[in-house]
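Here is the naming used below: chain letters follow the sequence lines, and residue numbers restart at 1 for every chain.
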There are 2 protein chains.
Amino acid sequence: MVKITDVARHAGVSPSTVSYTLSGKRPISAETRARVEESIRELGYRPHAGARALAGSRSNVLALVVPLRAGINVPVVMRFAVSVVTAARAHDQDVLLLTQEEGEEGLRRVADTALVDALIVMDVQLHDPRLPLLRALDLPSVMIGFPAEPAGLTCIDLDFRAAGEVCVEHLAALGHRVVALIGSPPEVYVRQTAFAQRVVQGFTEAAARNGLRSSVHPCEATPAAARTVAEQLLREQPALTGVVVHNEAVLEPLIDAFEQLGLRVPGDLSVTALCPDELAEHLRVPVTSIAIPSTEVGERAVELLTRKLAGLPVPDTTRLPPRLTERASTARRSLA
Amino acid sequence: MVKITDVARHAGVSPSTVSYTLSGKRPISAETRARVEESIRELGYRPHAGARALAGSRSNVLALVVPLRAGINVPVVMRFAVSVVTAARAHDQDVLLLTQEEGEEGLRRVADTALVDALIVMDVQLHDPRLPLLRALDLPSVMIGFPAEPAGLTCIDLDFRAAGEVCVEHLAALGHRVVALIGSPPEVYVRQTAFAQRVVQGFTEAAARNGLRSSVHPCEATPAAARTVAEQLLREQPALTGVVVHNEAVLEPLIDAFEQLGLRVPGDLSVTALCPDELAEHLRVPVTSIAIPSTEVGERAVELLTRKLAGLPVPDTTRLPPRLTERASTARRSLA
DNA sequence: GGGTGACGTCGAAGCGCTTCGACGGGGGAC
DNA sequence: GTCCCCCGTCGAAGCGCTTCGACGTCACCC
């Protein structure tokens with residue numbers, strides 16, 4: 001293994017000069033720098049991570065805690081993880097993978113052993129048991145998702161409220177006057193995360209603001225439930241021409257059900273959804289949708305962490321604006 | 001931060017004694033051990049990872065390189081990653097996540113900086129450019145998948161050949177005499193990984209061994225292609241009663257096509273597949289299938305690595321036996 | 001022309017841990 | 001009873017790097 005003293009000898013300087021050349025923490029003359037850099041290249045020097053962490057009290061590693069819970073969207077998590085790693089590398093950091101299974105003990109471990117400099121925690125619940133620990137730890141952290149009480153933490157996620165609004169605005173702009181939100185199973189609304197409620201909020205308020213008639217319908221994640229909701233909707237809201245679906249599992253069955261009930265999409269009914277793009281694209285009728293911007297969330301999370309590590313101020317909460325992708329499932333309301 | 005000297009002082013011993021208590025590398029009397037352990041607990045001591053890595057030249061971290069290539073099955077990768085992390089923790093190791101994007105340079109970096117002790121490389125291609133590097137590096141590594149020339153490397157994967165065989169044996173045992181393999185798109189067979197060919201091999205040989213008539217049909221990953229293959233099969237092999245599908249994307253369209261052509265599954269046609277269990281389970285007719293045992297692969301990979309790190313011998317190649325899960329899509333051949 | 005910084009570099013002191021050699025004491029072998 | 005060896009423990013020497021204080025040199029100012 002080639003070490004810093006080897007480089008120093010080869011370049012005819014002291015080890016500290018090599019160190020300063022690398023870190024830029026003190027001025028080094030152009031010639032010396034050139035000589036040192038040449039030596040580094042020639043010898044293939046790579047500083048030892050452990051030694052660096054020990055002396056510099058920075059490991060240049062950040063921990064990423066991924067969820068395991070049933071019901072999480074695996075491809076979204078994966079895309080997110082990859083974007084975190086990529087963004088981290090751009091900031092000269094590596095990423096240690098932790099599973100949620102390790103829980104608070106895992107967080108404490110990597111923090112106490114100084115294995116990592118910072119934490120990214122995904123899938124944060126409203127009353128996440130890890131919150132007190134994260135507040136107490138002196139490591140900077142960023143969480144994906146919003147707990148009930150985000151003060152003193154740094155949180156980031158899609159702005160679900162705005163997502164609900166944008167869907168409605170889109171339908172309103174197309175002339176639709178009666179809209180419905182077909183949501184997640186009832187238990188989701190009383191549960192650990194608040195994003196489902198936020199979508200409802202945004203949906204309802206935007207509808208009111210635009211003078212639309214609107215209703216909200218939770219729906220179990222089964223084709224049968226989808227069918228039932230569709231039938232009920234037709235019965236109770238015959239004037240309905242626009243729906244927002246926030247329930248990936250029933251998006252396809254729902255469209256099938258509507259079409260079997262004689263409603264053409266988008267001819268008679270415009271459909272928008274909150275779901276991953278892959279799903280929206282690959283349906284028989286590609287669906288106008290808003291996706292969770294997993295890549296952007298990952299990048300921004302790393303960026304926030306980097307700023308915190310540098311001692312710069314960061315906002316407590318950042319809500320990413322939704323981006324609606326128009327596809328074949330929405331159209332101007334026919335005036336027939 | 002509490003350090004080893006704090007513990008030593010508190011327990012009235014020397015730092016080296018604390019170290020030996022922790023590592024077990026030298027005998028420590030029961031009383032001393034108890035005293036030290038109590039001090040550790042009381043003070044909440046956690047050894048500094050960097051210091052440990054520096055002094056002990058072991059970081060207790062292993063790198064996991066995940067693929068990004070289009071066409072990989074994300075949930076499978078994710079499940080695999082999680083099982084690696086879990087297994088690694090059981091061996092007191094942490095896991096650093098690398099993306100394939102970083103390529104050979106990334107491997108070299110984590111190796112040269114001594115950030116990690118060992119490597120797990122997923123999605124290894126037949127002529128993977130990383131192979132020479134992995135051979136040259138003095139870090140132990142395990143690869144998921146088999147390159148063309150696995151000598152000197154440690155590889156693990158599902159035994160695809162046996163998987164092909166098992167499907168045929170299952171059909172043969174049910175009395176089927178004419179079988180077909182519906183495979184991946186043609187390009188897969190001339191491409192980077194060999195597993196597709198191995199399935200064909202196993203399929204063909206098992207068919208011959210059992211005296212079955214058999215044929216192999218590559219198939220593009222589109223519903224239209226599925227339909228075409230189904231029609232062709234009916235025309236050319238009217239006596240066909242069993243198929244093996246090794247192409248996730250067309251499994252559902254294929255079954256649809258067969259049923260639309262008047263063949264009932266499993267009444268007239270038994271279907272087995274190589275695909276993830278989730279897919280097999282959630283089809284209209286749940287399909288008898290063999291899945292890639294991602295969890296097991298992950299565990300075994302970590303185990304192999306642990307043995308290598310301990311200097312123990314490991315086999316160059318380990319092929320995990322396929323496990324066929326019987327579902328509703330296969331039945332005894334009707335003698336009608 | 002001497003004082004004063006700023007610049008560029010060096011030496012040495014750690015960072016917290018592991019490990020090697022050494023050493024005292026007690027038990028077994030003779 | 002003596003010798004030897006092994007058990008249990010200690011002290012000290014690093015592991016490879018960062019960083020702090022110090023120092024020499026040169027340019028510039030009054």
Side-chain angles (χ1 to χ4, degrees), chain A residues 1-37 39-40 43-61 92 94 109-117 309, chain B residues 1-37 39-40 43-61 92 109-117 138 309:
Chain A
M1 178 191 203
V2 30
K3 38 195 170 189
I4 200 169
T5 51
D6 299 333
V7 176
R9 198 174 322 115
H10 187 272
V13 298
S14 78
S16 47
T17 300
V18 176
S19 180
Y20 287 125
T21 303
L22 249 24
S23 71
K25 295 193 180 174
R26 284 203 183 173
I28 297 289
S29 71
E31 309 116 274
T32 306
R33 182 196 319 288
R35 205 141 33 84
V36 169
E37 282 168 354
S39 295
I40 289 178
L43 302 182
Y45 169 66
R46 282 277 173 64
H48 185 287
R52 203 172 227 216
L54 180 55
S57 52
R58 272 289 170 89
S59 66
N60 290 313
V61 175
D92 241 312
D94 272 286
R109 183 174 57 82
V110 295
D112 287 355
T113 58
L115 228 195
V116 306
D117 293 336
L309 281 170
Chain B
M1 179 191 202
V2 30
K3 36 194 172 190
I4 200 170
T5 52
D6 300 332
V7 176
R9 198 175 321 116
H10 187 272
V13 297
S14 77
S16 47
T17 300
V18 176
S19 180
Y20 286 126
T21 303
L22 249 23
S23 71
K25 294 193 179 174
R26 283 202 184 173
I28 298 288
S29 71
E31 310 117 90
T32 306
R33 180 196 322 286
R35 206 141 32 83
V36 169
E37 282 167 354
S39 296
I40 289 178
L43 302 182
Y45 168 67
R46 283 275 173 67
H48 185 287
R52 203 171 227 213
L54 180 55
S57 53
R58 271 290 170 89
S59 66
N60 290 313
V61 175
D92 241 310
R109 183 175 57 83
V110 295
D112 287 355
T113 59
L115 228 195
V116 306
D117 294 336
D138 42 335
L309 281 169

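Ala53(A) and Gly50(B) make their closest contact through CB-CA, 4.3 Å (heavy atoms, listed as atom of the first residue, atom of the second, distance). Taking all atoms of both residues into account, the shortest heavy-atom contact from Gly12(A) to Arg35(A) is O-NH1, 4.2 Å. Pro15(B) approaches Ala8(B) most closely through the heavy-atom pair N-CB, 3.6 Å. Between Val2(A) and Leu43(A), the shortest heavy-atom distance links the atoms CG1-O, 3.5 Å.
Residues forming a side-chain contact (heavy atoms from CB on, under 4.5 Å) with Ala111(A) (at least two apart in sequence, or on another chain): Leu137(A), Leu139(A). The side-chain contact (heavy atoms from CB on, under 4.5 Å) check on Ala49(A) picks up Thr113(B), Leu115(B), with sequence neighbours excluded. Every side-chain contact (heavy atoms from CB on, under 4.5 Å) that Ala114(A) has, sequence neighbours left out, goes to His48(B). For Arg58(B), the salt bridge (Lys or Arg N to Asp or Glu O under 4.0 Å) criterion is met by no residue, not counting sequence neighbours. Here Ser57(B) pairs with nothing under the side-chain contact (heavy atoms from CB on, under 4.5 Å) rule; sequence neighbours left out. Arg33(A) is linked by a salt bridge (Lys or Arg N to Asp or Glu O under 4.0 Å) to nothing, counting only residues two or more places apart in sequence or in another chain.
Comparing the local axis fitted to the first five base pairs of the helix from dG1(C)-dC30(D) to dC30(C)-dG1(D) with the one fitted to its last five gives a bend of 40°, rounded to 10°.
You can see that DNA chain D meets the heavy atoms of chain A within a 4.0 Å-exclusive cut from dG16(D) to dA22(D), reading 5' to 3'.
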Residues 20-27 of chain A, side-chain donor-acceptor partners within the protein, below 3.5 Å, at least two apart:
from     : atom 1 : to       : atom 2 : distance (Å)
Thr21(A) : OG1    : Thr17(A) : O      : 2.7
Ser23(A) : OG     : Ser19(A) : O      : 3.3
Ser23(A) : OG     : Lys25(A) : N      : 3.2

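The stretch residues 47-58 of chain B comes close to DNA chain D through Leu54(B), Ala55(B), each having a heavy atom under 4.0 Å from the strand. A heavy atom closer than 4.0 Å to some atom of DNA chain C occurs in Ser19(B), Tyr20(B), Lys25(B), these being the qualifying members of residues 18-25 of chain B.
Evaluation of the salt bridge (Lys or Arg N to Asp or Glu O under 4.0 Å) test over residues 9-22 of chain A, restricted to residues two or more places apart or in two chains, returns Asp6(A)-Arg9(A).
Proximity of a side-chain donor or acceptor of Asp94(A) to a complementary backbone N or O of Val61(A) within less than 3.5 Å is not detected.
Heavy-atom nearest nucleotides on DNA chain D were determined for Ile4(A) and for Pro15(B), and the one closer to the 5' end corresponds to Pro15(B). In terms of position on DNA chain C, the residue among Tyr45(B) and Arg26(B) whose nearest nucleotide sits closer to the 5' end is Tyr45(B).
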